[in-house]
Amino acid sequence: MMTLKYDVIVIGGGHAGCEAAVASARMGAQTCLVTMDMNKIAQMSCNPAVGGIAKGQIVRELDALGGEMGRVTDATAIQFRMLNRGKGPAVWSPRAQCDREKFIWKWRETLDHTDGLDIWQDQADELLVEDGCAVGVKTIWGVELRAKCVVVTAGTFLNGLLHVGRCMVPGGRIAEPAVPHFTESLTRWGIRTERMKTGTPVRIDKRSVDFSLLEEQPGEHDFHKFSYMGEARPLPQLPCWLLNTNSKVHEILRSGLDDSPLYNGQIQSIGPRYCPSIETKLVTFPDREQHPLFLEPEGVDTNEMYLNGFSSSMPIEIQVNALREIPALRNIKVYRPGYAIEYDFFDPTQLLHTLESKVVNGLFLAGQVNGTTGYEEAAGQGLVAGINAALKAGATGSEPTTTFTLARDEAYIGVLIDDLVTKGVDEPYRMFTSRAEYRILLRQDDADARLTERAYELGLASRERYYWWMQKKAEIAKIIDFCENTPVKPHDINSALETLGTTPLQFGCKVADLIARPQLSIASLSEIIPSLKEVISSPENRWEEIAEAAEIKIKYKGYIEREKLVADKMRRLENIRIKGRFNYNELQEISTEGRQKLHRIDPETLAQASRIPGVSPSDINVLLVLLGR
């Protein structure tokens, strides 16, 4: 038998696996990425888009930490938009439509040029465990890959089952095989598994679409992008298109409900609440006469288009006949139907915040195997798992006890992981800004301020990325200092203020006081205050990004400081460690549900205990009294 030895093995070449493998290798761990198909690295199985509400913040955090999703997205984007721009900056969220094939090959190029990282094309068949520790995997070709740590990022492939109408075919994605035995090699060691379901829409040939009957949705062309480094969007920028279903579409879809896997008993598992199939929309909202759809390009060199909003596992003929009732799609040709997929995932409450298993030492789980949905959520987990696997394996000379975690007031990735390991999941988990209680601290503009220095200390963020941030930090401070200390007089500026639609000054004030007004911005004021324009014009290639970051800090200073105070109070509970200090089953002062939940989760800190559903504030007070606090 052939045996290969590494520090870290990553199973699965999706978004979680790619980030995990690159992070591990860059931190000095000899790493092997095991994938079934090297030509489908970081495949976008559903929508070829990155970002969106809260997801865009995660991608910016990945970039700030030294991850690659942001740079790959910028290099392959064919449309960019900043969502929620009409609201406050706490919820601004970048989103990009990408060229699916170029995204794959950009990621492949990144992997191929990462020192210390090997790729092995094969299928993991069995997790190898010795003395309660993961020590490697055995593949279907009889190869043993040995390592100090194993990161499992298998996506939807574990016992995957595809559904189209009453047809069922094993598979991890359409035309790709499922992984039939690997789940069992984990559950035999006591790891709990359950089933989930997700789905994807029909793919359409754009040559068969009548675009004259659709509403065009162009992208944006300003300075915003995902990565804090590099150039933005070298590819041609393409529009998306808006359309709606109608009563005739709904009538045909309803006629096929008896053959829908979601309603005929084939699928028992839970699907994503926030990305429902079209048939679920009809059943949930029976009085709606139409539902919005978005026709989106899959790339600059392909005729394939993605029909966002029409996820379905209905019979093929039902899907196609229903869509032909939409005037613009009356003559459509499809490449393939939409389908649903059921797959295995593992209860994430069995994990530490490092994403290491509590059950098997040295085993890390990341991505959809933890019950999440979305490329961005997977990538965020992958990066954290890869970092911690490398640390545990002794990369960068670290002690095996060294770990990397992110707090809820530090990153959306921290919110994501804390939610998973503390609360678990009863449906595919998707990140939203509403899940973060400190979202004004977790803006898309300041991810580098929160995370880049930590990443540099780890050896993950490059020196170039670190110096890029330090220069930006100094420029932001210079702009804020100028604005807070530079006076303006009414007679110098009042006529211009009226032109900009804001109230004239009665008395002199500082520039920062003007920036605080909702009608004004640093950019608009720089046109009437020459000295401000001089301050923000350096460095020339980044002034817009830097000026925006400074402006947000000035405009929302009070809100930011208030939220920091709240976060600091909660951090005191985070510093009270309780793991191993109580036998919860013996604490009769705590509610029955509280005892059961605390026993099952076994939280690390009092703050984590306070976030467990079913653990009441009075239960937390009891623990504080018992601790002598």
Side-chain angles (χ1 to χ4, degrees), residues 12 14-17 43-47 49-59 152-163 171-174 178-179 183 191-201 260-263 266-281 283-284 306 308-313 338-351 355 365-382 384-385 412-413 415-436 613:
H15 303 274
Q43 168 74 289
M44 297 165 115
S45 309
C46 199
N47 192 350
V50 169
I53 306 300
K55 294 167 174 279
Q57 282 89 328
I58 289 175
V59 180
V152 176
T153 67
T156 60
F157 280 78
L158 300 182
N159 291 314
L161 183 63
L162 309 178
H163 298 262
R173 280 190 294 251
I174 200 161
V179 175
T183 295
I191 295 174
R192 299 187 301 275
T193 183
E194 297 176 51
R195 298 281 279 175
M196 272 188 182
K197 167 261 172 189
T198 190
T200 193
S260 167
L262 294 176
Y263 296 102
Q266 274 177 227
I267 294 178
Q268 300 293 326
S269 47
I270 305 278
R273 177 194 305 266
Y274 302 105
C275 189
S277 66
I278 189 67
E279 50 265 44
T280 301
K281 292 177 189 177
V283 172
T284 307
Y306 177 94
N308 197 340
F310 202 83
S311 179
S312 180
S313 56
Y339 63 89
I341 179 169
E342 289 185 287
Y343 55 94
D344 294 340
F345 79 99
F346 304 101
D347 178 359
T349 63
Q350 301 168 104
L351 301 175
L355 296 180
L365 301 174
Q368 282 187 270
V369 293
N370 288 339
T372 62
T373 180
Y375 315 137
E376 304 83 1
E377 290 89 342
Q381 294 172 71
V384 171
Y412 271 94
I413 299 172
V415 175
L416 163 67
I417 292 174
D418 185 63
D419 280 353
L420 292 175
V421 305
T422 302
K423 302 174 183 177
V425 293
D426 55 11
E427 61 185 37
Y429 180 102
R430 180 177 181 178
M431 179 54 72
F432 291 103
T433 53
S434 58
R435 295 191 190 274

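Excluded from the calculations below are hydrogen atoms, water molecules and symmetry mates; all remaining heavy atoms, backbone and side chain alike, are included. The first residue in the sequence is number 1, and the count goes up from there.
Without hydrogens or angle criteria, Glu376 side chain to Val59 main chain gives no donor-acceptor distance under 3.5 Å. The backbone N or O of Leu420 sits nowhere less than 3.5 Å from a side-chain atom of Tyr429 that would complete a donor-acceptor pair. Not one N or O on the side chain of Glu342 forms a donor-acceptor pair closer than 3.5 Å with the backbone of Ile267. Here the side chain of Ser312 pairs no donor or acceptor atom with the backbone of Pro201 at under 3.5 angstrom. Judged purely by atom type and a 3.5 angstrom limit, Arg435 has no side-chain atom pairing as donor or acceptor with the backbone of Tyr412. With hydrogens and angles ignored, the 3.5 Å screen pairs no side-chain donor or acceptor of Tyr274 with any backbone N or O of Met431. Of the possible donor and acceptor atoms, one in the side chain of Tyr375 sits under 3.5 Å from a partner among the backbone N and O of Asn47. Put simply, the side chain of Asp344 never gets that close to the backbone of Thr193: no donor and acceptor are under 3.5 Å apart.
The shortest distance between side-chain heavy atoms of Leu365 and Gln350 does not fall below 4.5 Å. Using a 4.5 Å heavy-atom threshold, the side chains of Thr183 and Phe157 count as separate. Ser277 places a side-chain heavy atom less than 4.5 Å from the side chain of Leu262. In this structure the side chain of His15 never reaches within 4.5 angstrom of the side chain of Glu377, judged on heavy atoms. The closest side-chain heavy-atom distance from Ser45 to Thr200 is not below 4.5 Å. Contact annotation: the side chain of Asn159 approaches that of Arg195 to within less than 4.5 Å [non-hydrogen atoms, C-beta and beyond]. Counting heavy atoms from C-beta on, the side chains of Thr433 and Gln57 come closer than 4.5 Å. Phe345 is not listed as a side-chain neighbour of Thr372, based on a closest heavy-atom distance of 4.5 Å or more.
Checking Asp347 against Thr349 by side-chain atom types alone, a donor-acceptor pair falls below 3.5 Å.
Between Pro261 and Ser313, the closest heavy-atom pair is CD-O, 3.1 Å. Looking at every heavy atom in both residues, Pro348 comes nearest to Gly424 through CG-CA, 4.1 Å. Contact detail for Ser260 and Glu279: the closest heavy-atom pair is OG-OE2, 3.8 Å. Scanning both residues, Cys46 and Gly199, for their nearest heavy atoms gives SG-O, 3.8 Å. Scanning all heavy atoms of the two residues, the minimum distance from Ser269 to Lys197 falls at OG-CB, 3.5 Å. Nearest heavy atom pair, residue Gly17 against residue Thr153, reads CA-OG1, 3.3 Å.
Taking CD1 of Ile417 as the reference point, atom CD of Gln381 lies at 6.0 Å (rounded to 0.5 Å). Considering CZ of Phe310 and NZ of Lys281, their distance stands at 9.5 Å, rounded to 0.5 Å. Atom-to-atom distance recorded for Leu162:CG and Ile174:CD1 is 6.5 Å, nearest 0.5 angstrom. Atom CG of residue Leu158 and atom CE of residue Met196 lie 13.5 Å apart, to the nearest 0.5 angstrom.
The neighbour count for Arg273 CZ, taken as heavy atoms of other residues, nucleotides or ligands under 6.0 Å away, does not exceed 12. Shown here is Ile270, whose CD1 atom has no more than 12 heavy atoms of other residues, nucleotides or ligands within 6.0 Å.
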